[in-house]
Amino acid sequence: MASPLKVCIVGSGNWGSAIARIIGDNARTLQHIATTVKMWVFEENINGRKLSDIINTEHENVKYLPGYKLPENVVAVPKLSDAAMGADLLVFVVPHQFIRKLCDEMVGCVSARARGITLIKGIYEGPEGLRLISDVIREKMEIDVSVLMGANIANEVAAEKFCESTIGDLSKNLSAVLVKRIHDFQSSVSCIESFTSFSKCVFLFCLLVKNIVAVSAGFCDGLQCGDNTKAAVIRLGLMEMITFAQLFSKNGVVSTSTFLESCGVADLIATCYGGRNRRAAEAFVRTGKSIEVLEKEIFNGQKLQGPATSAEVYRILQQKCLVNRFPLFTAVYQICFEKRPVQEMISCLQSHPCDM
Ligand SMILES: NC(=O)c1ccc[n+]([C@@H]2O[C@H](COP(=O)([O-])OP(=O)(O)OC[C@H]3O[C@@H](n4cnc5c(N)ncnc54)[C@H](O)[C@@H]3O)[C@@H](O)[C@H]2O)c1
Ligand SMILES: O=P(O)(O)OC[C@H](O)CO
């Protein structure tokens, strides 16, 4: 029999800790997964104690997922190379701005037969233009990388409420590491649907900018516009996401069926109603404080991806003279970073071209 798969979770934030609960439970019950799951923790001092020590003694990530226990077989490891060494499956789940540096630190510790799966939302803007995070990891670490995306608000997953995800390009054996099995739940189910070989690039390019739309939805909530306006934001935002995918994905072909997966429209809706980006943008309107200040005040170390993604996308749209084709993305950037009045969000919706 092949030796059990060793899993390392690279990240231990809100989503990293929620997925660690699922992976840890699976590792205890599935024979093909090694029981001990290593979770890399960006070390922090919490009231005089190391976060990794707290996790390993109290089995709870008190900073990023308070109130939910982690399985005891999930072991917090503060040194990245120690966590990654010998892993067969690396689960990448850190805010996108840190991934390149972390990959650099891991090179040489990970065997060529290891596989990766990324749960990271966001896009990398490099000298050569916009890149998928999965491509960045693949190239830097020279391993195969799959993707898990979906309407997955971490606290709801941790609370074991029903949700779906989409996994691209991962074998059934490896997907099982991340799938919460239905019979584990009494009254609610978390179910992850797995399929392979869909047009990965297209869905990723569209999906990774959905957090910009969530910021726009939050602006509307802050302005108390109501659900009709928010529905317009979601519709127009989706149109821009599709156009973006058409322009920036490698083959430029968009399969509408991909947008109907959990990783498409479902994630967009979940984020526009329940996500952190939405909440921060609403507070931005109500308080007049900057996004940077609100991130610190409200989220206690958790990182927002939407405003940063809007800046990355705006720069590339400017370079390619495409700003006029993305009024909603552009308005979000300008309101967040150029002190444009938030009411411009509404005029942007009113004058948005129907035909993209
Ligand atoms: N939270 C969710 O509901 C959710 C759901 C689906 C996907 N995601 C995506 O998952 C990814 C990770 O998000 P999260 O919610 O787990 O993280 P988070 O925003 O909760 O936490 C921030 C993490 O970054 C770490 N960190 C801080 N400074 C660092 C540094 N200099 N270098 C490396 N790490 C540092 C912190 O220790 C912490 O673990 C993001 O791309 C996010 O969009 C999040
Ligand atoms: O809380 P947000 O805004 O980072 O969004 C969370 C997830 O992406 C929802 O699937």
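Small disclaimer: the values here were computed from a predicted structure and weren't measured. Counting begins at 1 with the first residue of the sequence. We count ligands from 1, going down the list as the structure has it; atoms in each ligand are counted the same way.
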Tell me which protein heavy atom sits closest to [atom], plus the residue, atom name and distance to 0.1 Å.
atom                    : value
atom 9 (C) of ligand 1  : L119 O, 3.7 Å
atom 37 (O) of ligand 1 : E44 OE2, 3.2 Å
atom 3 (O) of ligand 1  : A154 N, 2.8 Å
atom 3 (O) of ligand 2  : N277 ND2, 2.7 Å
atom 10 (O) of ligand 2 : D267 OD1, 2.6 Å
atom 20 (O) of ligand 1 : N14 N, 2.8 Å
atom 1 (O) of ligand 2  : R276 N, 2.7 Å
atom 8 (O) of ligand 2  : K210 NZ, 2.6 Å
atom 35 (C) of ligand 1 : F98 CE1, 3.4 Å
atom 7 (C) of ligand 1  : W15 CD1, 3.1 Å
atom 38 (C) of ligand 1 : Y64 CZ, 3.4 Å

How does [X] reach ligand 1, by side chain, by backbone, by both or by neither, if only non-hydrogen atoms under 4.0 Å count?
X    : result
N152 : backbone
V94  : backbone
K101 : neither
V41  : neither

(message) Can you confirm whether more than 12 heavy atoms, excluding those of K69, are under 6.0 Å from its NZ atom?
(response) yes

(request) Indicate whether the side chain of S146 and that of R115 have a donor and an acceptor atom separated by less than 3.5 Å. (result) yes

(request) Please determine, by modelled atom types, if N73 and T36 share a side-chain donor-acceptor pair under 3.5 angstrom. (result)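 N73 vs T36: no donor-acceptor pair found between side chains.
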
(message) Students often mix this up, so state it plainly: with edges at 30° and 60°, are the rings of F42 and F98 parallel, tilted or perpendicular?
(response) parallel

(message) Using 30° and 60° as the class boundaries, would you call the ring planes of Y314 and Y333 parallel, tilted or perpendicular?
(response) parallel

N/O separation below 3.5 Å, [X] to ligand 1:
X    : answer
K121 : yes
W40  : no
I153 : no
G16  : yes
H96  : no
L102 : no

(request) Run the numbers for me: atoms of ligand 2, each under 4.0 Å from some heavy atom of T271, listed by number. (result)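 In order of number, 3 (O), 5 (O), 9 (C).
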
(message) Within ligand 2, which atoms have a heavy atom of G150 less than 4.0 Å away?
(response) 10 (O)

(request) For atom 13 (O) of ligand 1, state which one of Q305, R276, K303 supplies the nearest heavy atom. (result) R276

Strictly under 4.0 Å, does any heavy atom of [X] approach an atom of ligand 1?
X    : value
P95  : yes
K63  : no
G301 : yes

(message) Please determine whether side-chain hydrogen bond (donor to acceptor under 3.5 Å, both in side chains) holds for the pair S216 and R278, giving the CA-CA distance in whole Å, both sets of side-chain angles, and the decisive distance to 0.1 Å.
(response) CA-CA 7 Å; S216 168; R278 185 219 67 80; over 6 Å; no

(message) Test your reading of the structure: does A151 have an N or O sitting under 3.5 Å from an N or O of ligand 2?
(response)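 N/O-N/O distance under 3.5 Å: no.
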
(request) Could you walk me through whether E43 and L51 pass side-chain contact (heavy atoms from CB on, under 4.5 Å), step by step? (result) CA-CA 6 Å; E43 194 65 283; L51 179 58; 3.8 Å; yes

(message) Heavy-atom distances under 4.0 Å decide this one: backbone, side chain, both or neither, for K121 against ligand 2?
(response) side chain

(request) Apply side-chain contact (heavy atoms from CB on, under 4.5 Å) to Q350 and I346, showing your working. (result) CA-CA 6 Å; Q350 286 166 338; I346 308 305; 3.9 Å; yes

(message) Any salt bridge linking D227 with K230? Criterion: basic side-chain nitrogen under 4.0 Å from a carboxylate oxygen.
(response) no

(request) Report the residue from K121, R276, H96 that forms a side chain to side chain donor-acceptor pair (under 3.5 Å) with Q305. (result) H96

